[in-house]
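Heads up, the thing below is written out as structure tokens.
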Protein chains: 2
Amino acid sequence: MATRTYHHGNLRAELLAGAEQTLAEGGDLSLRELARRIGVSHAAPRRHFADKQALLDALAEDGFERLGRDLRAAMDAAGEQCVPRLLAFGRAYVAFATRHAALLELMFAGKHRPGAADSLRTAADRAFEAPLALFAEAQAAGEVVPGDTERIAIVAWATLQGLASMVNSGMLEGGAALDDVVADAVHQLVLGLRPR
Amino acid sequence: MATRTYHHGNLRAELLAGAEQTLAEGGDLSLRELARRIGVSHAAPRRHFADKQALLDALAEDGFERLGRDLRAAMDAAGEQCVPRLLAFGRAYVAFATRHAALLELMFAGKHRPGAADSLRTAADRAFEAPLALFAEAQAAGEVVPGDTERIAIVAWATLQGLASMVNSGMLEGGAALDDVVADAVHQLVLGLRPR
DNA sequence: ACCTGAACACCGTTCAAGT
DNA sequence: ACCTGAACACCGTTCAAGT
């Protein structure tokens, strides 16, 4: 029984929520249809987002923040040892990537776009701070070869990213089988990275 | 000095070439604009492609055929030994993926779409026949652990796919540095896969 | 401050009609 | 067989105007 003036009130939040839902359902996002569904004129979103891209960027930024929280939570729940923490990171990343496929694509597309906002870039960096630190830790613990941490992390991350994109494009099934493949990949990488 | 009737003649081929060029330039593909550029009415493409998706699928199919040729050529040029051939495959795949980023995305999107044509699916399978055979060969030669070849190839392919997507999203630079990272990744994978 | 309604320049797709 | 031109139902974006 909230009272309603002719203005909507929390339109910004509803636009974001609606857009993400459409995205998750695999549909193309039309601002006009979004406005229609929320019950507002097609020009109303303009007050909150300069254009469609601005709305997508806001969605992407929020996505990076959630991804960061997911990764940190998974790593923390895995205990203190490097290898289990790496495994948890891998699983959490692939889980996010498959559960929010369209959003993840949006996140990276937005991050890289020439005119991308700084807030988006820093949100992306923050999401990967803890995993990068974990790789450095694994090097310090002698579980992974020494050297440029970022370069080593890149190959591992690429593998996860690739597995996720293969699931999302149907080459690989999700679920329990995927979990095994991720575990395979992480162990394979850790083994390959172990100092010899 | 080719004579021209009011009909264009080889419109189908010109549509495909024009579409790929637009795609390569990173522009959004509009059928109307494409028709305009070729100098034909906006409804003319309809004679050759049922809808926009059909044109994209044709492009994707051609892409898989070219990718297959690239992969086979690179592997053949690398000699007889498994590891150099795996390395050549990796480099050729990443090269294609970075040189034809938008096309590759189209290829996989098309391949997975529920209503995808069989010709598209088989073209995709054919492109990866030789690399899959190479993995089986590497297993036979004792360079890679025995077991489900496809499952092992998946991790390797995921890594390449991931590296390519990171280059395409700007996280990783192309060029000589990329070649090193690919070599790193392949060796790391081969090492991780080597029977112990 | 926040939203509306009309307008503009685009889309993809359809279909009768032309040659 | 191959293409045209008008039409339809959509877009995203802009802007004067309303409350």
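Just so we're on the same page: letters track the sequence lines, and every chain starts at 1.
At least one side-chain nitrogen or oxygen of Ser30(B) sits closer than 4.0 Å to the OP1 or OP2 atom of dG12(C).
Rounded to a whole Å, the CZ atom of Arg47(B) is 11 Å from the C1' atom of dT14(C). One atom, CG of Leu34(A), and another, P of dC11(D), lie 11 Å apart when rounded to the nearest Å. Nucleotide dC10(C) holds its P atom 18 Å from the NZ atom of Lys52(A), rounded to whole Å. Distance, Asp28(A) CG to dG12(C) P: 13 Å, rounded to whole Å. Atoms CD (Glu33(A)) and P (dC11(D)) sit 6 Å apart, rounded to a whole Å. Asp51(B) places its CG atom 14 Å from the P atom of dC15(C), with the value rounded to the nearest Å. Atom pair Leu31(B):CG and dT13(C):P shows a separation of 6 Å (rounding to whole Å applied). Between Arg46(A) atom CZ and dA7(C) atom C1' the separation is 15 Å, expressed in whole Å.
Evaluation of atom-type donor-acceptor distances gives a pair under 3.5 Å for the side chain of Arg32(B) against the base of dT13(C).
Using modelled atom types, no side-chain atom of Glu65(A) and backbone atom of Ala123(A) make a donor-acceptor pair closer than 3.5 Å. Between the Arg46(A) side chain and the Ala50(A) main chain, a donor and an acceptor come within less than 3.5 Å of each other. Of the possible donor and acceptor atoms, one in the side chain of Arg85(A) sits under 3.5 Å from a partner among the backbone N and O of Gly79(A). The backbone N or O of Ala60(A) lies less than 3.5 Å from no partner atom in the side chain of Lys111(A), so there is not a single donor-acceptor pair.
Of the candidate nucleotides dC3(C), dG5(C), dC3(D), dC3(C) has the atom lying nearest to any side-chain atom of His48(A). Considering only side-chain atoms of Val40(A), the nucleotide from dG5(C), dT4(D), dC3(C) that sits closest is dC3(C).
Checked for salt-bridge contact, Glu25(B) and Arg37(B) miss the test: no charged N lies under 4.0 Å from a carboxylate O. Between Arg66(B) and Asp70(B) there is no salt bridge, since none of the side-chain N atoms of the basic residue sits less than 4.0 Å from a carboxylate O of the acidic one.
Among the atoms of the strands shown, only primed sugar atoms or phosphate atoms (P, OP1, OP2) are found under 4.0 Å from some heavy atom of Arg36(A). Residue His42(A) is classed as a base contact, given a heavy-atom separation below 4.0 Å to a base. Within the nucleic acid shown, Leu29(A) comes within 4.0 Å of sugar-phosphate atoms alone, with no base atom in reach, counting heavy atoms only.
Consecutive pairing runs in DNA chain D reach the stem threshold at C:4-8 with D:12-16, C:12-16 with D:4-8, where a stem means at least three Watson-Crick or G-U wobble pairs with distances under 3.5 Å.
Using a 4.5 Å cut-off on side-chain heavy atoms (C-beta onward), Met107(B) and His100(B) make no contact.
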